[in-house]
Amino acid sequence: QKEVEQDPGPLSVPEGAIVSLNCTYSNSAFQYFMWYRQYSRKGPELLMYTYSSGNKEDGRFTAQVDKSSKYISLFIRDSQPSDSATYLCAMKTQNFVFGPGTRLSVLP
Amino acid sequence: DAGITQSPRYKITETGRQVTLMCHQTWSHSYMFWYRQDLGHGLRLIYYSAAADITDKGEVPDGYVVSRSKTENFPLTLESATRSQTSVYFCASSARTAGSNQPQHFGDGTRLSIL
């Protein structure tokens, strides 16, 4: 079993939809959780960074962490074509561990 | 501009050749990292460095060499390139505050093809 699992997609949604992206993990020692967005032929870009269980909101993005279930989510409200990218979850104790990414396409 | 830059962006070489990928950051971050990204594997850590002259192996270090004589530079060398090292390579850096690594910031990658 991989330490971090993520549905690779691709996930296609119409513009304006609410998108839910998810990761599960097996290591209960993970304390910090991140979401990165990666456009084609670019490096990952940090979107959200959170420590505790619960929700963290930033504009159209909400990160949710449930440590008891070892499950994290990223919600995108009012999705736009510019949100089309691969989304990577990441988490860490001493070192960073990344999920394989979910490809998202938002169709106009 | 401040940030992290990688060079070259694209490289084609032959098996057995030595290749060096460059990484430069202007944030004075103490930590720097090298990853490779392949379909089905995501980002895998090759090497990382906590400070100048301090480096350590990651998940997939075989066939790679790193050095860090200056805080801002962290070159990655493939001593004798093999086809299995064809990949996209990302350099990242992070600050360390209050005893914890902050999130990493990535360069735009080097796409390396080995024929």
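Each chain gets a letter, A, B and so on, in the order the sequences are listed, and its residues count up from 1. On a predicted model such as this, the values are computed, not experimentally measured, just so you know.
- By number of non-hydrogen pairs under 4.5 angstrom with chain A, the leading residue of B:Gly42, B:Pro103, B:Gly58 is B:Pro103.
- Residues from residues 95-108 of chain A that place a non-hydrogen atom less than 4.5 Å from a non-hydrogen atom of chain B comprise A:Asn95, A:Phe96, A:Phe98, A:Pro100, given in numerical order.
- Sorted by first then second residue, the side chain to side chain donor-acceptor pair (under 3.5 Å) pairs that include residues 12-24 of chain A, not counting sequence neighbours, are A:Ser20-A:Asn22, A:Asn22-A:Tyr71, A:Asn22-A:Ser73.
- No path of Ile, Leu, Val, Met, Phe, Trp and Tyr side chains, each step under 4.5 Å between heavy atoms, connects B:Val19 with B:Met22, placing them in separate hydrophobic clusters.
- Only the side chain of B:Arg111 comes within less than 4.5 Å of a heavy atom of chain A; its backbone N, CA, C and O stay farther away.
- Taking NZ of A:Lys92 as the reference point, atom CD of B:Gln102 lies at 8.0 Å (rounded to 0.5 Å).
- Both A:Leu46 and B:Tyr35 sit in one connected hydrophobic cluster of ILVMFWY residues. Membership requires side-chain heavy atoms under 4.5 Å apart, directly or through other members.
- Atom CG of B:Leu115 is surrounded by more than 12 heavy atoms from other residues, nucleotides or ligands within 6.0 Å.
- Listed by sequence position, A:Tyr36, A:Gln38, A:Arg41, A:Lys42, A:Gly43, A:Pro44 are the residues of residues 35-45 of chain A in contact with chain B, using a 4.5 angstrom heavy-atom cutoff.
- Contact annotation for B:Phe33: only side-chain heavy atoms (C-beta onward) come within less than 4.5 Å of a heavy atom of chain A.
- Scanning residues 67-76 of chain B against chain A with a 4.5 Å non-hydrogen threshold yields no residues.
- Under the 4.5 Å side-chain contact rule for hydrophobic residues, A:Tyr51 and A:Tyr49 share a cluster.
- In the hydrophobic clustering of ILVMFWY residues, with side-chain heavy atoms under 4.5 Å counting as a link, A:Phe75 and A:Val13 come out apart.
- In this structure, B:Arg17 places its CZ atom where only 12 or fewer heavy-atom neighbours from other residues, nucleotides or ligands lie under 6.0 Å away.
- Under a cut-off of 6.0 angstrom, the local environment of NZ in B:Lys11 is sparse, with at most 12 non-hydrogen atoms contributed by other residues, nucleotides or ligands.
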